[in-house]
Amino acid sequence: MAKASIQPRKKAGGFMVASDKNTDIVAPIFRPDLDAEDRKIYDDVCKRLEINPTLEDHHSYMQLMNYNQFAYMDLRPLSPWLNAKYELKP
């Protein structure tokens, strides 16, 4: 996500370098670089945190890559089976 960053980079060969496609990292890992739905969430989170989503400036890069490791939760209604099993009201 930080391809546009102007921050100094480590030499290639480390974990998660910008040139690595990381296609072997799969769901449920958050992948805004590969998944359009994840990208929408990523852009929304950056907007709410007032972070540049390209991470090209130092502040945005540091906030997202070093400090703001975030998770998100998708809340959905319970299935009818769970509602019936636990006698919950829909």
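What you see is a predicted model; the values in this text were computed from it and never measured.
Listed by first and then second residue, the salt bridge (Lys or Arg N to Asp or Glu O under 4.0 Å) pairs that reach into residues 50-66 come to none, sequence neighbours excluded.
By the side-chain hydrogen bond (donor to acceptor under 3.5 Å, both in side chains) test, His58 pairs with Gln7, sequence neighbours left out. In terms of the side chain to side chain contact (heavy atoms under 4.5 Å, CB included) criterion, residue partners of Glu37 (sequence neighbours excluded) are, by chain and number, Asp35, Lys40. The side chain to side chain contact (heavy atoms under 4.5 Å, CB included) check on Asp43 picks up Arg39, Pro53, with sequence neighbours excluded.
Between atom NE2 of residue His59 and atom CD1 of residue Ile51 there is a gap of 6.0 Å, rounded to the nearest 0.5 Å.
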